[in-house]
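Worksheet: one structure, shown below.
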Amino acid sequence: MVDEVEILGLDDRERWEAEHRRRGLELPSQSWTYAWGLSASGFEPKLAIVRSRGARMVLPFFERTFLG
């Protein structure tokens, strides 16, 4: 059961960076600067923060269309 899902965009840089630094692996692919660089290729990166039963998961992603 998921308690909360929060989606951050590039305009939420301060929050994105805080979540990236908070008790995690701090993987470069989860960083705001990596996502900002990826945005130059036309994608709109987002960061999902999923909280459930005391655990937290940080997932960078972007949406794209399929078959049009």
**Request:** Kindly say whether L27 contributes a backbone atom to a donor-acceptor pair with the side chain of H20 at under 3.5 angstrom?
**Result:** yes
**Request:** Rounded to the nearest 0.5 Å, what's the gap from CZ on R13 to CH2 on W32? Could you check?
**Result:** 4.0 Å
**Asked** If two hydrophobic side chains count as joined below 4.5 Å and joins carry through other members, does V5 share a cluster with F62?
**Response** no
**Asked** Closest approach of P45 and A35, non-hydrogen atoms and distance?
**Response** CG-O, 3.1 Å
**Asked** Who passes side chain to side chain contact (heavy atoms under 4.5 Å, CB included) against E14, sequence neighbours left out?
**Response** none
**Request:** Quick one: pull up CD1 in I49 and CG in L59 and give me the separation to the nearest 0.5 Å.
**Result:** 9.0 Å
**Message:** Suppose we screen for salt bridge (Lys or Arg N to Asp or Glu O under 4.0 Å). Which residues come up paired with R15, at least two apart in sequence or across chains?
**Reply:** E6, E19
**Request:** Using the test ring-ring contact (aromatic ring centres under 6.0 Å, His included), find all partners of F61 that sit at least two apart in sequence or belong to another chain.
**Result:** none
**Message:** Could you see if L8 belongs to whatever hydrophobic cluster contains L10? Use Ile, Leu, Val, Met, Phe, Trp, Tyr and a side-chain cutoff under 4.5 Å.
**Reply:** yes
**Request:** Taking all non-hydrogen atoms of both residues into account, name the closest pair between A48 and I7 and its distance.
**Result:** CB-CD1, 3.7 Å
**Message:** Donor-acceptor pair, distance only, cut-off 3.5 Å: does the side chain of W16 make one with the backbone of Q30?
**Reply:** yes
**Message:** Going by salt bridge (charged side-chain N to carboxylate O under 4.0 Å, His left out), name the pairs with one or both residues in residues 29-44, residues two or more places apart or in two chains.
**Reply:** none
**Item:** Nearest non-hydrogen partners of R56 and R22, listed with the distance
**Value:** NH1-O, 3.0 Å
**side chain to side chain donor-acceptor pair (under 3.5 Å) against S52, all qualifying residues, sequence neighbours excluded** = none
**Side-chain hydrophobic cluster, 4.5 Å single linkage: members besides F66** = L67
